[in-house]
Amino acid sequence: MKKRVWIIGASSGIGLDLVKLWLQNNYQVIASSRDIENSNELLKLKSTYSNNLELLNIDVLDNENVIKSVTEAYNIFNGLDICFFNAGVYESMTYEQWDISNFESMININYLGAIRVLKPLIAFLEKQKHKSTIVLNASLSSYFGLPYGGAYSASKAALVNFAQAIQPELQRKNIYVQIINHGFVKTRLTAKNDFEMPQLMEVNYAARKIFDGLNKPYKFEISFPFVLSKFLRLISLLPYKLSFSICKKFLK
């Protein structure tokens, strides 16, 4: 039986490349974003993979729209094996540049958007007899708050903490939660950065790492690249005096 996957945040970047990988490997894919039907690349894929790809709009800020979209997504292929939440926004700001609307947007989409989706989705998944997986795309920045990225990393840290909290509950229902903590990927979001990004990855490399990780035996966290993930994990474990001393070196 073909695996059925729903990805939210599929119109560009990692999401789009994952859609391509899943289709190439004979998955049935539902690709979603707020205006998914305006994606020329996905429309081309739809013409090639007409039986295995469906496009579905979703606005993760609108609870009523989310409930409707979850129901549609679940019924398109008569169930789901994987739901991948990849919707996200990002802004890097010094404290002088703080804009509360940016904080609100990142929390509302990166964190609360996932909860809006999972609330109705879990009700469907727990009725299935087979295992299903919920994947939340987080960030290595969830390990420790870094200069200029506090608004973004706070939303991702909240997402990770939430995933940790629900994992034991959902696994009892045969629903497996996974998080993706990855480093810098060359996308339209990271193009906003005006600082050097260590171990910056191409989109296709990051998508392949995620695809391969999801096809290995279950583990809660998939993290990469190796050196950056271990470095940031180390910072999170150090006494604050040392970790803050290291982080000061990132200041412009």
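We number each residue from 1, following the sequence as shown. Hydrogens, waters and symmetry mates play no part in the numbers below; they use all other heavy atoms, side chains included. Everything numeric in this text was worked out from a predicted model, so none of it was measured.
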Less than 4.5 Å apart, side chain to side chain, heavy atoms only: is that true for [X] and [Y]?
| X | Y | value |
| --- | --- | --- |
| L146 | C247 | yes |
| Q164 | N161 | yes |
| Y143 | V160 | no |

Exam field: side chain [X] to backbone [Y], donor-acceptor pair closer than 3.5 Å:
| X | Y | result |
| --- | --- | --- |
| Y218 | V177 | yes |
| S155 | Y111 | no |
| N181 | S139 | yes |
| N65 | I58 | no |
| S236 | R233 | yes |
| D81 | R4 | yes |
| N102 | E91 | no |
| S229 | P225 | yes |
| N86 | G9 | yes |

Could you walk me through whether N110 and L159 pass side chain to side chain contact (heavy atoms under 4.5 Å, CB included), step by step?
-> CA-CA 7 Å; N110 300 353; L159 185 65; 5.9 Å; no
When you look at [atom1] of [X], are more than 12 heavy atoms from neighbouring residues, nucleotides or ligands closer to it than 6.0 Å?
| X | atom1 | answer |
| --- | --- | --- |
| K2 | NZ | yes |
| K186 | NZ | no |
| Q24 | CD | yes |
| N215 | CG | yes |

Can you check side chain to side chain contact (heavy atoms under 4.5 Å, CB included) on L23 and T48, steps first, answer last?
-> CA-CA 10 Å; L23 290 171; T48 304; over 6 Å; no
In Å and rounded to the nearest 0.5 Å, what is the [atom1] to [atom2] distance from [X] to [Y]?
| X | Y | atom1 | atom2 | answer |
| --- | --- | --- | --- | --- |
| I30 | I76 | CD1 | CD1 | 4.0 Å |
| Q171 | K131 | CD | NZ | 8.5 Å |
| L80 | Q28 | CG | CD | 10.0 Å |
| I8 | F85 | CD1 | CZ | 6.0 Å |
| L18 | I180 | CG | CD1 | 8.5 Å |
| H130 | L125 | NE2 | CG | 8.0 Å |

Taking all heavy atoms of [X] and all of [Y], pick out the closest pair and write down the distance.
| X | Y | result |
| --- | --- | --- |
| L56 | S32 | O-OG, 2.8 Å |
| Y90 | M106 | CA-SD, 4.1 Å |
| V60 | V66 | CA-CG2, 3.7 Å |
| F220 | Q167 | CD1-CG, 3.8 Å |
| S11 | L42 | CA-CD1, 4.0 Å |
| M93 | W98 | SD-CA, 4.1 Å |

With ILVMFWY side chains joined below 4.5 Å, transitively, what does F226's cluster contain besides itself?
-> V227
Donor + acceptor pair across side chains of D17, N204 (<3.5 Å) | no
Using 30° and 60° as the class limits, which term best fits the ring planes of Y27 and W22: parallel, tilted or perpendicular?
-> tilted
Parallel, tilted or perpendicular for Y240 and F144, by the 30°/60° rule?
-> tilted
Give a yes or no on whether a salt bridge exists between D212 and R208, defined as a side-chain N under 4.0 angstrom from a carboxylate O.
-> yes
Using the rule that Ile, Leu, Val, Met, Phe, Trp and Tyr join whenever any side-chain heavy atoms are under 4.5 Å apart, tell me whether [X] and [Y] fall into a single cluster.
| X | Y | result |
| --- | --- | --- |
| L140 | L237 | no |
| I100 | L61 | no |
| V70 | I67 | no |

Side chain to side chain contact (heavy atoms under 4.5 Å, CB included) between F224 and I210, worked out | CA-CA 9 Å; F224 62 93; I210 293 170; 3.8 Å; yes
Could you walk me through whether E41 and K20 pass the side chain to side chain contact (heavy atoms under 4.5 Å, CB included) check?
-> CA-CA 10 Å; E41 287 203 63; K20 294 175 183 177; 3.1 Å; yes
